[in-house]
Amino acid sequence: MNRILAIALLVLSMSTWGQTLTIRADDWFPMNGNPNDPQPGYMIELAKAIFEAEGIEVDYQLMPWERALHEARSRNIDCVVGAYKEDAPDFVFPQAHWGLDRAHFYVAKGDSWRFSDFNGLLSRKVGLIGGYAYGDEFDAFAANNKGAAFQYMSGDGALDKNIKKLLAGRIDTIVESVAVLEAKVKEMGVQGQVVSGGELTKATPMYIACSPENPLSVGYMKMVDAAMPVLKSNGTLDKILDSYGLQPW
């Protein structure tokens with residue numbers, strides 16, 4: 001079937017659906033950021049390119065990550081962005097990822113500690129963000145040592161708070177996406193004060209993911225799957241990524 005016709009038929013089948021798609025996630029720029037900024041994040045621009053072209057308005061706002069997952073499971077919102085499959089294994093995902101992410105340990109400038117193994121973290125104070133998935137093995141290790149070596153930050157501005165705690169000496173290690181950390185320290189004006197202490201994860205796929213309780217989620221993701229090859233071939237994806245200084249995956 002012609003791809004454009006397939007999209008048209010899908011849109012027609014959605015004629016009785018809600019005409020607004022709600023997306024929520026915490027501030028995780030450059031994937032997603034301030035909804036009022038001309039650059040709200042490349043995943044938000046990508047979602048708008050897909051859905052708004054078909055008459056479905058994208059309603060995007062910031063929300064703490066754990067709450068966003070809960071609200072989607074409660075069917076109060078439709079989708080989240082920047083999700084690993086480990087974050088929300090019950091959610092509905094598209095076939096293709098929306099980028100690859102790497103996580104590093106970060107320490108304050110002048111701290112000579114470098115990651116070697118998990119047991120070496122037991123002498124550290126590691127700041128994490130509640131609801132994030134950092135990899136099955138690490139997540140299990142952190143959960144077993146919660147309160148001893150690992151502290152979880154939740155709520156709005158969780159990363160900002162962890163960086164401030166790191167620079168104030170209240171914790172000595174944080175774990176974060178390389179792209180997100182670089183963007184955040186630039187925004188906060190503390191470039192050079194936070195440095196990598198070693199890699200935690202190799203490249204991990206990130207996605208838009210939709211509520212497991214919403215019967216429309218499968219249809220939304222089929223629309224994404226149909227549109228992505230078109231956006232790649234016509235240059236839209238490259239243009240969006242280039243505006244954030246990112247390379248196509």
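Side chains are part of it too, since the values below use all heavy atoms of this structure and drop only hydrogens, waters and symmetry mates. Values in this document were obtained by computation on a predicted structure and should not be read as measured data.
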- Set of residues satisfying ring pair (Phe, Tyr, Trp, His ring centres under 6.0 Å) with respect to Phe93, sequence neighbours excluded: Tyr207
- Query: Do Gln151 and Lys165 meet the criterion of a side-chain donor-acceptor pair at a distance under 3.5 Å?
  - Reply: yes
- Are any side-chain N or O atoms of Asp242 and backbone N or O atoms of Asp238, one a donor and one an acceptor, separated by less than 3.5 Å? no
- Could you name each residue pair satisfying ring-ring contact (aromatic ring centres under 6.0 Å, His included) that touches residues 172-195, not counting sequence neighbours? none
- Applying side chain to side chain contact (heavy atoms under 4.5 Å, CB included) to Pro64 and not counting sequence neighbours gives Arg67, Asp156
- Task: For Ser217 and Val92, indicate whether the former's side chain and the latter's backbone hold a donor-acceptor pair under 3.5 Å.
- Result: no
- Within the 6.0 Å centroid threshold, strictly below: Tyr84 and Phe91: no
- Check: Asp111 side chain, Val107 main-chain N or O, donor-acceptor pair, under 3.5 Å: no
- Can you list the residues that meet the side chain to side chain contact (heavy atoms under 4.5 Å, CB included) rule with Pro89, with sequence neighbours excluded? none
- Query: Within the side chain of Tyr60, is there an N or O that forms a donor-acceptor pair under 3.5 Å with the backbone of Gly33?
  - Reply: yes
- Item | Summary of disulfide (SG to SG under 2.5 Å) pairs that have at least one residue in residues 156-219, sequence neighbours excluded | Cys79-Cys210
- Message: Tell me which one of Ile163, Leu159, Val195 satisfies side-chain contact (heavy atoms from CB on, under 4.5 Å) with Val185.
- Response: Ile163
- Examine distances only and state if a side-chain atom of Gln95 and a backbone atom of Val224 form a donor-acceptor pair shorter than 3.5 Å. no
- Item | Qualifying residues under side chain to side chain contact (heavy atoms under 4.5 Å, CB included), relative to Asp117, sequence neighbours excluded | Asn119
- Stepwise side chain to side chain contact (heavy atoms under 4.5 Å, CB included) test for Leu62 and Asp26: CA-CA 5 Å; Leu62 292 174; Asp26 62 342; 5.8 Å; no
- Message: Can you tell me how far apart CG (Leu69) and CE (Met63) are? Round to the nearest 0.5 Å.
- Response: 10.5 Å
- Query: To the nearest 0.5 Å, how far apart are CE in Met206 and NZ in Lys85?
  - Reply: 14.0 Å
- Item | Glu57 side chain vs Leu21 backbone, donor-acceptor pair below 3.5 Å | no
- Would you mind listing every disulfide (SG to SG under 2.5 Å) that reaches into residues 93-187, with sequence neighbours excluded? none
- Query: Would you say the side-chain atoms of Asn32 pair up with the backbone N or O of Pro40, donor to acceptor, closer than 3.5 Å?
  - Reply: no
- Write out all pairs satisfying disulfide (SG to SG under 2.5 Å) with one or both partners inside residues 104-208, taking only residues at least two apart or from two chains. none
- To the nearest 0.5 Å, tell me how far Tyr244 OH sits from Glu45 CD. 3.5 Å
- Message: Do Leu100 and Leu241 sit in one hydrophobic cluster, given that two such residues count as connected whenever their side-chain heavy atoms are within less than 4.5 Å of each other, even indirectly?
- Response: no
- Just say parallel, tilted or perpendicular for the rings of Tyr42 and Trp249, cut-offs at 30° and 60°. tilted
- Note on the structure: CD1 (Ile50) and CD1 (Ile56) are apart, to the nearest 0.5 Å, by 10.5 Å
- Note on the structure: Asp139 meets the side chain to side chain contact (heavy atoms under 4.5 Å, CB included) criterion, sequence neighbours left out, with Ala133, Tyr134
- Sidechain-backbone polar pair: Thr22 side chain, Thr20 backbone, donor-acceptor under 3.5 Å: no
- Message: A side-chain contact here means heavy atoms from C-beta on lying under 4.5 Å apart; do Phe141 and Phe150 qualify?
- Response: yes
Only distances under 3.5 Å count here; give the side-chain donor-acceptor pairs of residues 167-175 to other protein atoms, sequence neighbours excluded, each with its distance to 0.1 Å.
unit_1 : atom_1 : unit_2 : atom_2 : d
Asp172 : OD1    : Arg124 : NE     : 3.3
Asp172 : OD1    : Lys125 : N      : 2.8
Asp172 : OD2    : Lys125 : N      : 3.4
Thr173 : OG1    : Arg124 : NE     : 3.0
Thr173 : OG1    : Arg124 : NH2    : 3.2

- Query: When rounded to the nearest 0.5 angstrom, what is the spacing between NZ in Lys222 and CG in Leu216?
  - Reply: 12.0 Å
- For Arg102, enumerate each residue passing the salt bridge (charged side-chain N to carboxylate O under 4.0 Å, His left out) test, keeping only those at least two apart in sequence or located in another chain. none
- Sub-3.5 Å donor-acceptor pair from the side chain of Asp90 to the main-chain atoms of Pro212, do we have one? no
- Query: Please walk me through it: do Tyr106 and Asn162 pass side chain to side chain contact (heavy atoms under 4.5 Å, CB included)?
  - Reply: CA-CA 11 Å; Tyr106 286 92; Asn162 270 344; over 6 Å; no
- Item | Residue pairs passing the side chain to side chain donor-acceptor pair (under 3.5 Å) test where at least one lies in residues 186-196, sequence neighbours excluded | His104-Ser196, Lys184-Glu187
- Message: Let me confirm one number: the CH2-OG distance from Trp113 to Ser123, rounded to the nearest 0.5 Å.
- Response: 8.0 Å
- Message: side chain to side chain contact (heavy atoms under 4.5 Å, CB included), that's the test. Do Val81 and Ile44 meet it? Break it down for me.
- Response: CA-CA 8 Å; Val81 290; Ile44 303 307; 4.0 Å; yes
- Message: Using side-chain heavy atoms (C-beta onward) and a distance below 4.5 Å, is Trp98 in contact with Met228?
- Response: yes
- Message: Applying a strict under-4.5 Å side-chain criterion to I, L, V, M, F, W and Y, I'd like to know whether Met153 and Phe29 cluster together.
- Response: no
